[in-house]
Amino acid sequence: MEKTFAMIKPDAVQRGLVGEIIRRYEQKGLRIAGMKVMMVTEELAMKHYAEHVNKPFFPGLKDYITSGPVVALVLEGKNAVAEVRKINGSTNPLDAACGTIRGDFAQEVGRNVVHGSDSVESAANEISIYFTPEEVLDFDFLPNKWLYE
Ligand code: DAT
Ligand code: MG
């Protein structure tokens, strides 16, 4: 089954949105295969956002993502990568549809409350940055037979 990496960013943790955000992933049928509350160090931020380190917004992004606890998640499901991106909504909350997490809870791109991997390859890389193999569980998720044909 496909896995993706998601993050509930520091603003969402501080605003008490952890339960609401996880509820949205769970109600879609995604399974939580890994989860932890942690700080993102500068080193982790540079690995995670390697493609953005030379962009003008990177210093702000790094300050934001390292500013407080985050919740790191491994979510599993058919098309988990695309499903989480859809639930999260567009990167810039101004463009994010109502009903998406960013559309409902965010106003600025620099405070966009969640992250989701953009491809299966990015997901595998990001999971390996934030989790050890032992921290990602493999178990029989009983609702799968009611979610998938
Ligand atoms: P996404 O998080 O939707 O995958 P991304 O990979 O393009 O988006 O960018 C990573 C994060 O960097 C994004 O969540 C918010 C920040 N960011 C992206 N573009 C930005 C911009 N033009 N100004 C400020 N922050 C930006
Ligand atoms: Mg991205």
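Counting starts at 1 for both ligands and their atoms, in listed order.
- From the protein, the heavy atom lying nearest to atom 2 (O) of ligand 1 is R102 NH2, 3.3 Å.
- Of the protein's non-hydrogen atoms, the one nearest atom 15 (C) of ligand 1 is V109 O, 3.5 Å.
- Per-residue contacts place Y49 under 4.0 angstrom from the following atoms of ligand 1 (heavy atoms of the residue considered): 10 (C).
- Those atoms of ligand 1 with a heavy atom of L61 less than 4.0 angstrom away are 12 (O).
- Regarding atom 14 (O) of ligand 1, its nearest protein heavy-atom neighbour is N112 ND2, 2.8 Å.
- Atom 4 (O) of ligand 1 has as its closest protein heavy atom R85 NH1, 2.7 Å.
- When atom types are taken as modelled, the side chain of R24 and the backbone of I87 share no donor-acceptor pair closer than 3.5 angstrom.
- Salt bridge annotation for E83-K86: present, with a cationic side-chain nitrogen under 4.0 angstrom from a carboxylate oxygen.
- With hydrogens and angles disregarded, a donor-acceptor distance shorter than 3.5 Å links the side chain of E2 to the backbone of V81.
- Using modelled atom types and a 3.5 Å distance limit, the side chains of E42 and T66 yield no donor-acceptor pair.
- With a 4.0 Å cut-off on non-hydrogen atoms, M7 does not touch ligand 1 at all.
- For the ligand labelled ligand 1, residue D118 lies outside the 4.0 Å heavy-atom shell.
- Contact analysis leaves K62 out of contact with ligand 1, as no non-hydrogen atom separation drops below 4.0 angstrom.
- Closest to atom 6 (O) of ligand 1 among all protein heavy atoms lies H52 NE2, 3.0 Å.
- The existence of a salt bridge linking R23 and E20 is confirmed by a sub-4.0 Å separation between a basic side-chain nitrogen and an acidic carboxylate oxygen.
- For atom 3 (O) of ligand 1, the choice among N88, I65, T91 with the nearest heavy atom turns out to be T91.
- Of all heavy-atom pairs between I32 and F139, the closest is O-CE2, 4.0 Å.
- The protein atom (non-hydrogen) at minimum distance from atom 16 (C) of ligand 1 is F57 CE1, 3.8 Å.
- T100 approaches G89 most closely through the heavy-atom pair CB-CA, 3.6 Å.
- Of all atoms in ligand 1, numbered sequentially from 1 with element shown, those under 4.0 Å from a heavy atom of K9 are 14 (O).
- F141 is not listed as a side-chain neighbour of E76, based on a closest heavy-atom distance of 4.5 Å or more.
- What you find for N88 and G116 is that their closest heavy atoms are ND2-N, 3.4 Å.
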